[in-house]
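For reference, the structure discussed in these notes is given below.
Naming: A, B, ... by sequence-line order, numbering from 1 per chain.
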Amino acid sequence: NNCWHDFITASQNNPNSGWEAKAVEFFKDHLKEKDAHTWVPSLNDVPLHYLKPNSLVKFRCLIQDMFDPEFYMGVYEAVDPSTKAKVLRCGKYKDVTECGVRSLPNTVTAERQTFYCVPIPGENPWVKEISSSCLGFVQARVVPSTSYAPTRQKRSYEEDDDMDDMDTQMQREPHTAGVQAGPQSPTEQHGNGDCKRRETEAPSSQTAPASHLDLNFPLPGEKGPSCLVKVYEDWDGFKLNDTLEVFGILSVSPALSALADKKDASSSLLDPTECMETAEEQRVHSPPASLVPRLHVLYAKPLPHNNPLLPSATLEDNSAFLSSTLSEMASVRAELLTFLTPILLGDALAAEYLILHLISNVYSRRDVLPLGKFTLNLSGCPTVASYTERFYQIIQQLVPSSYYLGMSLQNMNQMRFVPKKDYSANRLVSGALQLARNTSLFLDETQLEQGQLDTAGVRNVTALGNLITWQKVDYDFNYHQMEFPCNINVLIASEGRSLLPSDCQIHLQSQITPPHMEEYLSSIHVHPQASQLNKFRMYLSVARLLNYSISDEVTKSVEDDFVDMRKDDPQSISAEDLHRMLVVARLLSLSLGQTSLSRDSWLRAKHIELLRRSRMEQHTCVNGNEP
Amino acid sequence: MSSPTSTPGGRKRGRNTNPSTPSSEGPTSPPSQRRRGQDSSTGDLMPMPTSPATDMLSPAAPQDNSLLSSPRPSVLPNEVDMSSPLMYGTPMRGTPARQRPDLGSVRKAPQVDLQSEPPSADGAVTSESNTGQRLVIWGTDVNVGTCKEKFQRKVMVFISVVGDPVLNVNCLHVQSFDAELYRQLICYPQEVIPTFDMAVNELFFERFPDSILEFQIQVRPYNALKTRNMRNLNPEDIDQLITISGMVIRTSQLIPEMQEAFFQCQVCAFSTRVEVDRGRIAEPSVCRNCNTTHSLAIVHNRSVFSDKQMVKIQESPEDMPAGQTPHTTIVYAHNDLVDKVQPGDRINITGVYRAVPMRANPRQSNVKSVYKTHIDAIHFHKTDEKRLHGLDEDAEQKLFTEDRVQTLKELAAKPDVYERLSSALAPSIYEHEDIKKGILLQLFGGARKDFSQTGRGNFRADVNILLCGDPGTSKSQLLQYVYNLVPRGQYTSGKGSSAVGLTAYVMRDPETRQLVLQTGALVLSDNGICCIDEFDKMSDSTRSVLHEVMEQQTLSIAKAGIICQLNARTSVLAAANPIESQWNPKKTTIENIQLPHTLLSRFDLIFLMLDPQDEAYDRRLAHHLVSLYYQSEEQIEEEFLDMAVLRDYIAYARTYINPRLSEEASQALIEAYVDMRKIGSGRGMVSAYPRQLESLIRLAEAHAKVRFSEKVETIDVEEAKRLHREALKQSATDPRTGFVDISILTTGMSATARKRKEEVAQALKKLIQAKGKTPAMKYQQLLEDLRGQSENAITKELFDEALRALADEDYLTVTGKTVRLLA
């Protein structure tokens with residue numbers, strides 16, 4: 001992979017050769033090669049100060065905010081310090097110009113867009129572990145000179161046969177990077193080239209982000225680098241909250257932050273443009289590069305999922321994998337059911353519904369109506385022995401990203417759910433509901449006690465309700481609201497019926513008598529074998545990605561069924577119930593690996609719905625919320 | 001720098017870095033004197049009116065310069081700056097010029113002759129031969145003379161100066177006048193606008209030689225068609241005239257920006273002025289008088305400053321693609337444009353787009369390779385002012401391409417366009433065809449009429465619709481759809497909104513401590529649709545606000561010292577659930593939803609969304625739902641009209657179609673109304689009110705709009721009648737008699753019910769009278785007596801009502817559980 005770097009540096013000195021398109025092509029081709037993308041070090045796994053500046057890195061992230069497009073010098077004229085000759089330099093994929101810009105006539109202005117990206121919120125530890133061990137697997141050999149051993153991971157990202165090349169690069173690097181930094185920059189060491197020198201420094205930047213800088217993660221307590229991603233083409237195709245895998249050139253030039261520092265000091269009367277931007281805005285839009293690196297995108301790949309166990313190609317392209325998994329799905333499903341049943345206190349029906357919920361996905365929207373969502377309200381959860389927390393831990397083991405939201409009064413009143421635009425800093429301040437697609441949101445209503453919700457609390461509850469009913473979040477832009485569609489699996493655990501709307505409510509029928517609950521819960525085996533877990537994880541992700549259809553024949557029988565049911569008792573089934581049954585039937589088929597609805601699955605869906613409803617009638621709703 | 005040949009080089013640099021230092025400028029240099037004079041009135045404490053007057057006598061009047069040529073051999077080399085063709089700041093009969101910081105350092109642009117080489121590196125730029133017509137401004141192809149002449153010819157038609165000496169020029173007019181001039185204006189605003197200024201001033205003082213203005217007239221072009229959307233700005237727009245729309249999100253404090261620095265020598269007190277060029281002052285290092293180096297010091301209070309303000313604007317939500325965050329742009333407002341806009345205003349800005357490289361740190365050789373961009377505002381146009389004033393047709397017009405209009409017209413020509421459109425509305429919701437048709441007509445709205453001369457004020461043109469029905473019959477979904485369809489829609493829930501949230505409230509701005517009127521959903525949806533879900537859960541005080549809005553279409557506010565009346569010409573689409581969880585078919589609409597009849601009568605159409613419970617319907621419903629779940633996107637696209645087409649269709653009809661009643665249609669309406677009155681008159685009750693007639697007219701007009709017809713014809717009236725009848729059938733049928741009874745909606749009680757109440761009251765009175773002289777009776781006892789006597793079942797409510805009726809007659813009073821006779 002080193003030749004790529006050479007390629008880039010070589011071609012950058014020759015800006016008019018149309019190299020840009022070629023280079024991007026080159027990268028795309030190489031990344032398509034088998035496992036090639038695993039060679040590229042990932043910002044998610046490797047601490048920033050172990051990465052070479054101006055090298056190719058990848059980053060798995062969510063677009064948290066979009067900044068304004070910026071104009072930069074695409075081509076500019078500079079003076080070579082050694083030869084004093086005028087040379088044209090290329091500014092693409094770079095933050096800082098080299099050697100001082102001369103006059104403007106030869107400058108070509110181009111446009112690029114900046115996205116503020118954060119690691120995928122709520123990404124579970126197992127995802128991180130597996131994706132970083134993937135990396136280690138390829139680069140297994142030890143490199144003594146760069147003996148970096150990250151905490152989770154065993155190996156350096158460098159291959160030792162790269163070393164020769166690297167050393168030469170190291171010599172080249174200080175040349176360019178040093179010029180960029182300037183001798184007086186105090187932060188120079190951070191970004192500069194030599195790995196050995198950096199080794200002596202405490203790797204603190206990642207573990208303890210500077211307190212003054214809020215990295216704007218959607219969820220509290222998140223860690224990891226956030227990144228300013230600079231996109232050079234087709235930025236209109238990206239949307240807020242998209243999950244991407246970005247391949248790009250890392251830029252950590254300390255000059256970026258140095259410039260920012262200077263600006264604070266120089267509030268000269270004659271240059272009012274500089275003091276126009278508020279200090280907050282400065283801080284947010286040009287944070288120190290050591291904390292928020294810049295990434296110049298060569299290639300960005302939208303991620304349909306973030307499960308590292310799945311092959312990177314799409315399911316359609318990978319028919320061998322697809323057919324092998326499909327054949328196994330029914331058996332894995334049975335296994336998963338036996339695994340989940342004891343956790344749900346021996347309630348097999350609830351476990352079945354839980355599986356359906358976990359593979360649900362908003363697959364389409366018909367005008368305002370999201371199709372395929374399946375919010376599950378698990379009522380009758382025991383409040384002893386922190387059952388819900390334990391339950392969440394299981395979910396966490398199964399899905400790639402999830403978030404536990406205890407609906408305590410304090411949380412509801414104080415947490416920020418809905419992202420809000422902060423105009424003084426000119427950024428979108430994130431909220432807990434700014435989540436990537438297919439994130440499991442676990443709402444623990446057993447935490448809710450009696451008390452007063454204040455205005456913020458009411459707004460938060462409304463936001464949750466909107467999320468569940470319409471799968472959208474109205475972001476607060478102060479002067480107006482803007483609607484962002486989302487695709488979040490909401491699971492509500494409550495004692496009685498939840499105060500939030502839900503698509504489906506199931507009352508947990510515990511097989512365990514309350515006195516033994518504590519004992520039972522502590523005896524549940526929460527940590528199954530890794531291989532089994534991986535099977536479940538793969539199963540859930542694949543089932544979600546499958547296509548689905550209904551044949552005309554089955555359509556007919558479904559219609560007949562509906563008419564018959566209505567004939568018997570019009571009150572028994574409404575259009576809403578049919579909606580739900582169609583979703584249940586769809587999920588049930590998919591969970592069995594069937595991509596089209598069969599008569600059997602329809603009957604089975606009807607059957608489990610009937611079981612569930614009969615159970616519901618025993619626990620008639622008390623608080624009279626509209627379903 | 002004293003030889004004329006070296007000037008072009010110095011000039012060229014002057015554009016980018018610092019201009020030639022005024023080292024060789026003698027103290028008697030006429031241009032510097034002149035400039036000082038004209039600026040003095042704005043900057044200095046002491047106005048010097050005599051100075052400009054003397055200048056007029058000066059042979060080298062800049063005005064002439066501009067027409068002739070710039071560098072005449074006789075002038076000093078650094079005269080070049082002054083004799084630039086854009087030295088428009090000519091003092092005219094005592095009227096001082098005012099600098100235009102919005103156009104930047106325009107005076108630095110010299111004129112060049114087209115015949116000579118375009119200024120490439122260091123060639124001799126200016127030719128000494130003054131061919132007048134061939135002269136263009138350096139770097140552009142703008143010829144001052146022709147440009148000015150053209151503009152004068154154009155302006156002749158429009159000129160009239162009122163109030164501020166500012167002439168706003170619609171660029172579209174310029175374009176229709178002369179396309180070439182327009183192109184120049186767009187591409188070289190920095191040069192062309194000062195030329196316009198010059199032209200208009202010459203013209204003005206020619207016509208009104210005696211008038212005194214505060215400063216010279218400034219031309220402000222607006223409505224440049226170059227760019228409409230902030231998102232489309234790209235590097236090609238730099239230094240061009242653009243118009244973008246957006247919303248103000250922040251304004252900065254006022255910033256005094258230095259225009260001209262005043263330097264004084266500490267040794268000999270010689271003073272000199274240096275103009276600020278792009279934020280920089282070239283500080284003179286040597287005093288020209290005494291040749292002392294570094295002796296000059298700046299004197300702040302004799303320097304010239306101008307007002308400047310940073311305004312941040314953000315894309316308006318309508319212009320944005322889904323799923324992206326709005327872009328922001330910095331705008332600098334200068335002089336009197338400062339404080340013209342407030343955060344929250346929606347504005348169209350015309351200005352020059354600028355990109356400035358990030359300033360290099362002097363000690364560092366590296367620069368961030370990024371430019372800072374901003375717009376120097378020339379003209380602000382608020383687009384939301386019409387909420388307070390009348391309709392602004394200019395801003396409201398949505399532009400359609402020829403093709404689009406053609407498509408829409410083809411669609412309108414189809415005979416079944418009405419059905420097509422109504423089925424395209426919320427395709428995911430099954431059937432309810434009449435409701436969809438009603439909503440469709442609501443989206444189009446009636447024709448706006450003005451009766452303010454006759455004292456009636458505005459006639460409501462908007463159709464209000466109420467949907468009632470069982471929970472879970474996709475009422476909310478329908479509302480959501482409409483809210484997403486219309487550009488000015490608002491969605492609120494009766495449960496969550498207070499009267500304040502619906503109307504307007506006064507807020508103190510935390511920064512400026514200024515009171516700001518914040519408008520609520522009803523005002524925000526002016527000219528749009530306000531969707532109110534859970535209408536029944538609204539508190540009484542909130543609902544009462546709607547009374548005014550739904551008929552008078554205004555909103556009066558008297559709060560915190562602000563008394564005003566806002567327009568709220570909004571259509572209300574509301575949804576209400578029955579008080580009991582299920583709709584009770586044995587009760588009237590009023591009894592089911594418990595809304596005051598005063599409010600209900602303001603709805604043109606009230607629909608019931610009930611579960612029809614019949615087999616054929618069930619089958620169709622099932623089919624619809626199943627297909628919803630498995631049909632691919634493409635199939636759906638084919639089946640239904642695109643939402644975008646529908647949106648454009650509605651926007652087009654609302655803007656351009658304004659139907660009037662035809663003779664036959666009026667006759668049909670009259671007949672319909674008379675018929676409606678007749679129904680009731682047989683039974684001795686009123687069955688229709690003028691409000692119903694108005695509703696009919698509105699609906700008929702809306703239907704004509706659907707057909708893109710300028711005339712309301714009989715078929716429109718027929719459909720209006722049909723729809724109105726359907727809605728009435730659903731909502732105003734008296735469950736006791738099975739007749740449609742409009743009084744259920746207008747008075748809250750069906751005629752039979754009222755009759756019955758009277759009967760019971762009379763029976764009760766008789767009963768009491770029969771009991772003889774007993775001053776007090778037990779409530780329960782009386783009820784049982786009455787029940788025993790009457791052949792019909794007497795409910796407790798009925799009994800209460802009867803008691804109340806008698807109490808109103810002052811016959812008795814009810815206190816607790818006892819009934820006392822009066823008199």
Side-chain angles (χ1 to χ4, degrees), chain A residues 65-66 68 70-73 91 94-101 103-104 109-111 180 182 236 239-240 255 259 262 269-274 276 364 366-369 371 423 426 428 462 470 479-480 482 484 549-550 555 558-559 562-563 566-567 570 574-576 578-579 582 586 626-627, chain B residues 16 234-235 238 247 249-250 252 255 257-258 276 279-281 308 310 317 321 323-330 344 355-356 359 361 364-373 426-428 430 471-472 477 480-481 484 496 581 611 613 615 618-619 621-623 625-626 628-630 633 636 643:
Chain A
D65 194 4
M66 292 164 147
D68 296 329
E70 56 186 23
F71 294 171
Y72 67 100
M73 294 178 221
K94 287 188 179 169
D95 281 312
V96 182
T97 62
E98 290 164 29
C99 324
V101 186
S103 53
L104 291 166
T109 311
E111 195 179 3
Q180 284 165 12
D236 288 342
K239 292 205 159 101
L240 201 73
L259 272 180
K262 293 277 150 49
L269 179 78
L270 298 176
D271 206 351
T273 46
E274 309 257 314
M276 287 289 187
S364 167
R366 194 94 337 133
D367 42 73
V368 288
L369 187 74
L371 298 180
Y423 283 112
N426 196 14
L428 189 65
T462 320
W470 307 109
Y479 303 101
H480 60 98
M482 216 145 63
F484 283 87
S549 65
I550 306 178
T555 310
V558 169
E559 284 168 34
F562 180 70
V563 174
R566 293 270 298 182
K567 217 185 279 174
S574 67
E576 194 130 334
L578 184 62
H579 267 286
L582 284 165
R586 174 194 147 88
E626 210 179 300
Chain B
N16 301 323
N234 62 41
I238 289 174
M247 190 170 65
I249 52 169
R250 270 173 75 81
S252 75
I255 304 155
E257 191 185 41
M258 190 179 277
V276 178
R280 282 161 185 257
I281 300 174
K308 182 172 177 178
M310 185 199 72
Q324 308 219 337
T325 57
H327 286 177
T328 54
T329 305
I330 296 174
V356 190
R359 200 155 63 109
N361 190 312
Q364 269 185 331
S365 56
N366 299 302
V367 201
K368 260 175 108 171
S369 61
V370 179
Y371 293 98
K372 272 188 136 37
T373 54
S428 68
Y430 185 62
Q477 210 181 317
Q480 277 279 341
Y481 181 87
N484 279 305
S581 61
D611 227 344
Q613 302 180 357
E615 192 179 324
D618 291 347
R619 182 168 298 278
L621 175 68
H623 184 77
L625 288 185
V626 177
L628 196 68
Y629 274 84
Y630 82 94
E633 292 286 340
I636 296 290
M643 196 157 154

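- The CD atom of A:Glu111 lies 9.0 Å from the OG1 atom of B:Thr373; values are rounded to the nearest 0.5 Å.
- A:Met66 places none of its side-chain heavy atoms less than 4.5 Å from the side chain of B:Pro326.
- With rounding to the nearest 0.5 angstrom, the OG1 atom of B:Thr328 is 9.0 Å from the OH atom of A:Tyr423.
- Looking only at distances, a side-chain donor or acceptor of B:Gln324 sits under 3.5 Å from a matching main-chain atom of A:Asp236.
- The closest donor-acceptor contact from the side chain of A:Asp68 to the backbone of B:His327 lies at 3.5 Å or more, if one exists at all.
- Looking only at heavy-atom pairs under 4.5 Å with chain B, the residue among A:Thr462, A:Val558, A:Leu428, A:Leu371 that has the most is A:Leu371.
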